[in-house]
Student: 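The structure under discussion is supplied below as structure tokens; questions concerning it will follow.
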Amino acid sequence: MRLFDRVFTGSDEMLARAETAVSKTYEKLGDAAPVAFGSTAYYLPCIYAYLGLKVTNMGELKAAMEPIKALMTRNYRLHDVFTSGIATVLAAEVIEACKYAENPTPYEDRYHGRMTDAEVRELGVPLVTRDIPGFVVIIDEAPTDEQALALIKGYQSRGIFVFLLKGAIDQAERCGIKMGFPVRIVPVGPGIESVAHIISLVVRAAFIFGAVQPGDYDGFNKYSFERIFAFVNAFGPLEHITVGCGAGAIAMGFPVITNDTYDVDVVPKSLIIQENVDDLIDTSLEARDIKIKVSNIDIPIACSSAFEGEIIRKADMYIEADGSRMDCFELVRTKELHEIEDHKIEVIGPELDSFEAGSKINLAILVDVAGKNMQSDFEPVFERKIHNYVNCLEGVMHTGQRDLIRIRVSKTAFEAGFRVKHFGELLYAKMKNDFSQVVDKCQVTLVTDPALLPDLRKEANVAYDKRDDRLRSLTDESVDCFYTCTLCQSFSPSHVCIVTPERLGLCGAVSWLDAKATNELQPNGPCQVVTKTRVIDEHKGAYEDVNEAVRQYSQGALEQVTLYSIMEDPMTSCGCFECICGIEPFSNGVIIVNREYTGTTPVGMTFAELASMTGGGVQTPGFMGHGRHFIASKKFMKAEGGIARIVWMPKALKDMVSERLNATAKELYGIDNFCDMIADETITEDPESLVAFLSEKGHPALEMDPMM
Amino acid sequence: MALKGLDIFKLTPKTNCKDCGNPTCMAFAMKVAQGAVSIEKCPHMSPDALRQLSEATEPPMKTIAVGEHKLGGETVMFRHEKTFVNKNLFALYLCADMSDADIDAKLAEAMKVDYERISERMYVECIFVNVSDTQTAERGIAVVKKAAETGRDIIVRCKKPELAKEIVSAVPVKVLVGADASNWEAMNAVAKEKGLVLGVSGKDLSELYDTIEKLEAAGNKNLIINIGGSSIKDAFAAAVQIRRAALKDNVRAFGYPSIVNVERMAPGDHVLQAALASLFELRYGSIIVMGRMTYADALPLYGLRQNIFTDPQKPMKVEPGIYALNGADENSVCAITVDFALTYFVVSGEIERSGVPVNLLIADAGGYSVLTSWAAGKFSAGTIAKFIEEHQIESKIKNRTLILPGKVAVLKGEVENKLPDWKVVVGPNEAIQLVRFLKDYK
Amino acid sequence: MPFTAKPRKFSAGIIEIPLGVGQNAVTIGGGNVLPLYYFDNPAKNPPAVGVEITDTGVEAAGLPELAAYYEGANTPAERAKKAAAMEGADFVCLRFEGADPGGLNRSVADCVAIAKEVVEAINKPLVIAGSKNLEKDVELFSACAEVCSDKNVLFLSAREENYKTIGASCALAYGQKVGAESSVDINLAKQLNVLMTQLGVQPQSIVMNLGSAAAGYGFEYVASTMERVKLAALEQNDTMLQMPVITPVASETWSVKESIMPESDMPEWGSLEERGIEMETVTASACLASGCDAVILRHPTSVKAIAALIAALL
């Protein structure tokens with residue numbers, strides 16, 4: 001039978017039962033008999049929500065049957081499946097209402113039945129805040145009791161609220177599972193119609209927390225889809241009536257996952273088959289996009305920023321993993337979701353117990369992450385965090401990165417029970433929690449086996465190289481957006497950094513990739529997307545989009561910014577700049593001075609004097625703060641002719657950037673050893689002898705167009 | 001709109017002759033643009049360039065000197081836009097009609113307030129003496145003399161030019177308030193003869209504007225605007241509207257500092273006067289005249305002023321050194337933090353609340369917060385060790401426990417390496433957790 | 001040529017938020033001019049002044065005038081009644097000082113009982129301030145929101161760490177108003193407002209608490225943050241910064257040195273109570289000038305002076 005027909009058949013069944021129940025109860029109690037679940041201000045909540053009807057007595061209940069039936073259209077379109085599904089649930093509520101009309105406590109003690117408004121609020125708050133990540137409705141019996149036990153315990157351990165219906169309750173009882181609202185496992189009722197109480201909870205959450213209005217059919221479905229993270233696990237063989245209710249769940253945005261394969265048409269994201277019951281939890285969570293936070297990290301030592309500065313001395317160390325002596329490295333890799341088993345921590349090779357105190361060991365830390373929003377560009381951002389995480393462990397020290405890491409574990413930490421596998425537990429928890437926006441699954445592999453490491457290290461180096469290539473290939477032209485950075489606005493209110501691939505934040509600490517990751521992880525945070533579609537002048541780096549962004553994020557203090565110019569609307573500075581460049585009129589070029597240099601410069605000003613003019617978010621044409629890295633960029637004052645304008649730098653700074661700067665000069669102008677043409681404080685600090693020096697060297701700036 | 005430094009540079013002789021005292025014409029031009037030096041400092045500017053520049057570089061609001069103090073010279077409506085330049089002054093209100101005993105008592109009380117807070121002397125800078133039209137010159141002179149004996153700058157308010165002339169001829173006065181539409185010519189003559197700042201008022205902003213225009217036309221640009229009378233609402237409106245007209249709408253006649261008398265708005269009500277003084281500190285009062293000045297008035301008002309008139313770019317710094325709190329002695333534990341004034345206040349406040357004796361060590365960190373100075377390398381294991389050495393902490397304090405701010409826990413190991421005799425303890429991340437931390441630690 | 005001042009009003013405005021219900025309600029916010037610039041356009045709602053009492057009542061210790069004002073009032077409800085009757089008071093703020101787990105650690109059940117008594121006792125809107133302990137406040141507010149349902153109470157405050165539960169339980173579940181507290185940073189303030197609205201809390205249910213400081217204790221940051229928030233709300237029409245601002249001034253100013261150092265330690269400073277009053281008054285006035293739509297004070301003398309100041313500016 002096609003899915004449409006199964007839904008319609010099931011829906012008809014529920015309707016028939018409801019009609020029977022209504023006429024029976026009506027006959028027995030009469031038209032005016034009160035109908036209510038008690039302890040709710042929302043009448044019969046599902047009917048009130050979806051139809052806007054306030055049912056208070058049997059007459060009104062009877063009258064509600066017509067509009068319910070009217071929802072059960074049969075046009076073989078998806079829409080009909082959904083409305084019939086909702087109507088099935090409403091019909092179920094009618095049946096339940098009849099039970100309560102006849103007897104205020106129709107259920108024996110082992111069933112929970114209807115839920116009070118107080119219970120809705122109690123469960124609703126953590127559902128809205130996602131402190132409870134979601135709830136599952138389990139219908140019927142799992143193939144074995146062991147599987148049922150593992151399933152329910154599995155949900156419970158992940159903080160998922162569990163509702164049980166029909167045979168699932170009997171099975172749970174057999175397994176000796178403690179049930180009740182406080183333990184977050186609720187046996188609702190023995191018949192499928194008691195599903196109405198669960199939907200009743202959902203619609204009341206929408207009333208209370210979402211202010212959705214009665215009768216707003218789409219409003220309720222939208223709210224439940226966006227805000228209520230629920231799903232259904234229905235064990236086969238599926239009855240038509242269950243499928244009918246399932247259609248209602250799906251209409252509300254709750255996927256149904258079943259182990260039944262007979263006569264079930266898969267609907268992606270909505271009706272899913274998972275034959276392997278052991279994988280039901282993962283499949284279900286993934287289908288409803290539920291991410292579980294790790295609340296406690298299973299490690300025997302403390303982890304806190306207070307231990308970040310600890311140094312483990314040689315005499316105190318139990319083992320050392322030193323990338324400069326042994327094969328050691330750390331690597332974050334992006335994988336496909338199906339390639340990862342979440343929370344798998346594997347140690348390949350000997351554990352710490354096999355080593356003598358004071359040993360040097362090989363160690364590879366491979367962190368594999370997957371997620372629908374994960375991008376390989378985030379790998380280095382996450383990888384750099386490994387240092388912070390590991391360093392926060394009490395009795396563990398971490399320095400360096402990539403294959404130049406050095407990790408020491410102290411004897412005390414070892415004695416407290418710390419082992420290599422605990423790196424895995426720590427990193428798993430941190431990755432899942434700190435990057436929950438993008439990391440859906442994470443597994444950590446720790447390799448200490450000396451035989452495997454040389455090859456693994458080679459592979460890691462391929463990955464590092466690939467990343468470096470990617471970084472090198474990242475240009476302002478090759479990306480479709482830039483980012484703002486407003487981290488410094490607390491002390492420099494009108495400043496906005498525009499971070500591009502070729503221009504890091506002027507503090508030198510925020511790269512385009514960092515900004516991108518920050519944006520993904522904190523969508524309302526300091527790094528916002530700046531599109532670059534409305535070009536004013538690509539050569540100078542002028543964009544309507546950029547101007548709009550600076551205007552918006554400086555609260556109107558700044559009108560426009562030209563990214564590659566220091567003469568025309570140069571980018572402002574907060575005050576954190578690593579360097580400042582300033583025009584030196586006599587040589588037709590610019591000088592650059594770094595924060596560490598305290599002497600004077602050929603323009604007659606020190607770093608501090610220049611800083612007072614360029615900081616604070618003000619535009620001072622001819623002067624600009626920037627990061628050290630930007631000096632060798634092809635975009636460095638490109639509008640004025642680029643790096644060929646640089647005529648003077650403090651020697652220390654020049655030495656730091658010379659390699660990259662020479663390479664850029666070679667590429668742009670064909671000049672070899674360009675840095676030799678640039679003066680420094682050992683050559684001169686005054687403009688006259690600067691010009692003499694530049695002439696002697698044939699510096700290109702002297703021949704360029706006047707800067708002003 | 002003020003000229004950018006480069007526009008000014010283009011008009012300089014570009015000879016780097018250094019006659020202006022700056023090493024290069026560029027450095028000179030940038031300073032002129034910032035308003036730090038006057039364009040006249042360059043002896044080689046062509047008359048044409050000078051005219052062009054002085055017009056364009058003339059600030060929207062003049063800077064007026066009152067004794068050692070400068071007033072006005074503001075360029076922005078809100079301090080976050082750049083900075084407020086010259087802090088407001090406080091004046092004590094006296095009236096020649098008061099009894100001598102009252103005057104003596106008020107003066108004595110106000111003179112007691114004289115203290116230092118973050119390297120700034122806090123005291124009543126001016127004495128404001130009101131001499132009513134019916135008062136005799138003799139009495140006026142006597143009271144002003146008494147006020148002048150304090151050595152503070154004297155402001156005389158008098159609307160009768162002849163009377164005013166007699167007084168200012170007899171006693172050195174800095175500001176003469178009392179010019180208006182009716183008497184401006186004669187008052188102007190008095191003020192000009194003695195080189196006094198002249199305070200101008202008007203029955204409304206229009207009349208005030210006209211009077212100032214006339215005074216300016218008569219060659220007097222050494223003015224201060226006397227804002228408002230007894231109406232709080234009108235005074236506040238005038239203070240804002242005058243500042244806004246000067247800075248936003250380029251109304252040159254209103255480009256002067258202001259004087260506002262809160263004693264007149266709330267006679268005898270010191271608490272309301274304090275509220276008003278606070279309002280006018282933020283909203284454009286340059287001299288605030290108060291009915292009294294006690295420590296109760298001064299502590300919040302001067303503290304607020306010190307806050308509001310800091311340059312957002314240049315955080316307030318406290319002196320590096322040892323601050324013994326809660327009776328700490330050489331055996332008390334040491335806690336170190338940075339010299340950013342706000343950090344100091346918050347940290348010392350919390351330590352004081354804890355009641356635990358602590359030697360608070362304030363290191364020279366460039367006046368930045370803990371994380372900022374750490375990131376800039378100004379608060380590192382090296383600078384901490386250097387501070388301990390330079391301030392001879394080890395000879396002054398016997399205790400060898402040093403509490404580090406939790407935010408720089410990362411420095412612990414390095415500090416231990418540099419200061420092997422010390423036990424380094426990581427403190428809490430936030431100052432508010434200090435009370436609990438210190439109590440538990442004890 | 002006569003001078004005419006150009007009025008400067010904006011097309012954007014501050015959101016109006018009523019506190020309390022019925023005849024006792026007070027509306028804060030509204031208006032489309034910079035703070036207190038009523039000469040540009042008359043005030044929609046004048047800034048409100050709240051009177052703070054604590055559950056413990058210890059704040060009056062050592063302050064004879066304050067103690068005298070509350071003399072005879074032995075329970076929080078009795079003190080709340082007196083607070084509501086104070087000259088110039090628009091609303092009452094009940095601060096659960098005693099709920100702090102680091103202090104008295106009063107149980108949530110006890111606090112709820114107090115809140116219920118207080119809200120029943122007064123004829124002015126109620127603001128409930130917590131213990132500043134993030135976890136405790138969550139529990140406390142959720143429980144108080146329930147017993148004060150239909151009273152339109154404002155809770156101070158939700159912070160980035162606990163806004164979800166407080167937002168959901170107070171604003172969503174019981175329709176109360178929630179303070180969004182950030183620490184003197186316009187971007188953090190905005191971010192929290194965005195997060196709260198994403199949770200489903202309407203902007204009409206949010207009052208910003210931008211953080212504060214006593215005069216002299218970094219107030220420049222407070223002033224600049226408030227001024228920038230108002231400029232962004234009005235000039236830039238930033239809808240995520242148009243919520244009114246409330247500042248609990250008293251709890252900041254009565255804990256600084258100037259307000260706690262006894263006269264015996266600092267004889268030249270004079271009366272402790274007078275110092276505290278002026279510290280509170282000066283700070284409150286500066287808050288109002290910078291952009292506060294409501295301030296919370298403790299001392300009757302300060303309340304009177306600030307109410308007089310506001311009245312004089314209307």
Side-chain angles (χ1 to χ4, degrees), chain A residues 304-313 388 391-392 397 488-494 507-509 555 557 566-567 573-576 578 582-586 591 595-596 600-606 608-623 685-688 707-708, chain B residues 2-7 9-10 12 14-16 18 20-31 33-34 36 76 78-83 311-315 340 342 366 368-369 372 375-378 381 404 406-417 424-429:
Chain A
S304 145
S305 63
F307 304 114
E308 220 183 326
E310 255 186 329
I311 291 177
I312 312 296
R313 287 174 184 79
N388 298 65
N391 227 8
C392 284
M397 182 178 91
C488 295
Q489 279 203 351
S490 54
F491 61 90
S492 187
S494 52
C507 55
Q555 274 95 27
I566 74 160
M567 299 302 288
S573 302
C574 47
C576 310
E578 290 183 304
I583 182 166
E584 202 299 296
F586 298 92
I591 61 105
R595 188 175 285 275
E596 292 73 22
T600 188
T601 67
V603 293
M605 286 177 271
T606 61
E609 286 171 312
L610 287 162
S612 73
M613 306 171 355
T614 41
V618 289
Q619 276 177 334
T620 312
F623 299 86
E685 284 177 1
D686 73 75
E688 285 74 24
M707 274 182 80
M708 49 178 193
Chain B
L3 277 187
K4 296 279 188 191
L6 286 191
D7 302 319
F9 172 76
K10 284 179 200 162
T12 65
K14 306 189 200 85
T15 51
N16 290 348
K18 303 182 179 62
C20 62
N22 291 285
T24 64
C25 292
M26 178 63 81
F28 173 67
M30 297 314 290
K31 282 190 186 159
Q34 283 183 294
V76 293
F78 298 100
R79 63 179 287 285
H80 70 258
E81 294 173 83
K82 189 165 170 66
T83 180
D311 185 341
Q313 295 300 301
K314 295 186 199 109
F340 177 37
L342 188 53
Y368 291 106
S369 69
T372 313
K378 289 176 191 293
L404 276 187
K407 285 192 172 149
V408 289
V410 67
L411 295 178
K412 182 177 186 252
E414 284 175 68
V415 174
E416 279 170 342
N417 278 350
V424 181
V425 178
V426 175
N429 279 341

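Computed from a prediction, not measured in an experiment: that's the story for all the values here. Numbers restart at 1 for each chain; the letters A, B, ... are given by sequence-line order, proteins then strands.
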Student: Sequence neighbours left out, what passes side chain to side chain donor-acceptor pair (under 3.5 Å) with A/Asn391? Give chain and number order.
Tutor: none
Student: A/Val618 versus A/Thr620: any side-chain heavy-atom pair under 4.5 Å?
Tutor: yes
Student: With a 4.5 angstrom heavy-atom cut-off, which part of B/Lys407 approaches chain A: side chain, backbone, both or neither?
Tutor: neither
Student: Using non-hydrogen atoms and a 4.5 Å limit, figure out which bit of A/Ala306 sits close to chain B: side chain, backbone, both or neither.
Tutor: both
Student: Taking side chain as everything from C-beta outward and backbone as N, CA, C, O, which of these in A/Glu609 sits under 4.5 Å from a heavy atom of chain B? Side chain, backbone, both or neither.
Tutor: side chain
Student: Name the region of B/Phe28, side chain, backbone, both or neither, that has any atom closer than 4.5 Å to a heavy atom of chain A.
Tutor: neither
Student: Answer with side chain, backbone, both or neither: which region of A/Ile583 has an atom nearer than 4.5 Å to a non-hydrogen atom of chain B?
Tutor: both
Student: What pairs with B/Ser369 under side chain to side chain donor-acceptor pair (under 3.5 Å), at least two apart in sequence or on another chain?
Tutor: B/Thr372
Student: Tell me, do A/Pro602 and A/Asp686 make a side-chain contact under 4.5 Å, heavy atoms counted?
Tutor: no
Student: Between A/Phe586 and A/Glu688, is any pair of side-chain heavy atoms under 4.5 Å apart?
Tutor: no
Student: What option among B/Asn417, B/Leu404, B/Asn16, B/Val426 has the most heavy-atom pairs under 4.5 Å with chain A?
Tutor: B/Asn16
Student: Taking side chain as everything from C-beta outward and backbone as N, CA, C, O, which of these in A/Met567 sits under 4.5 Å from a heavy atom of chain B? Side chain, backbone, both or neither.
Tutor: side chain
Student: Do A/Thr600 and A/Met605 touch side chain to side chain, with heavy atoms closer than 4.5 Å?
Tutor: no
Student: Identify which part of A/Pro621 has an atom lying under 4.5 Å from any heavy atom of chain B, answering side chain, backbone, both or neither.
Tutor: both
Student: Would you mind checking which part of B/Val410 comes under 4.5 Å of any heavy atom in chain A, side chain (CB onward), backbone (N, CA, C, O), both or neither?
Tutor: both
Student: Could you tell me if the side chain of A/Thr601 sits less than 4.5 Å from the side chain of A/Thr606, heavy atoms only?
Tutor: no
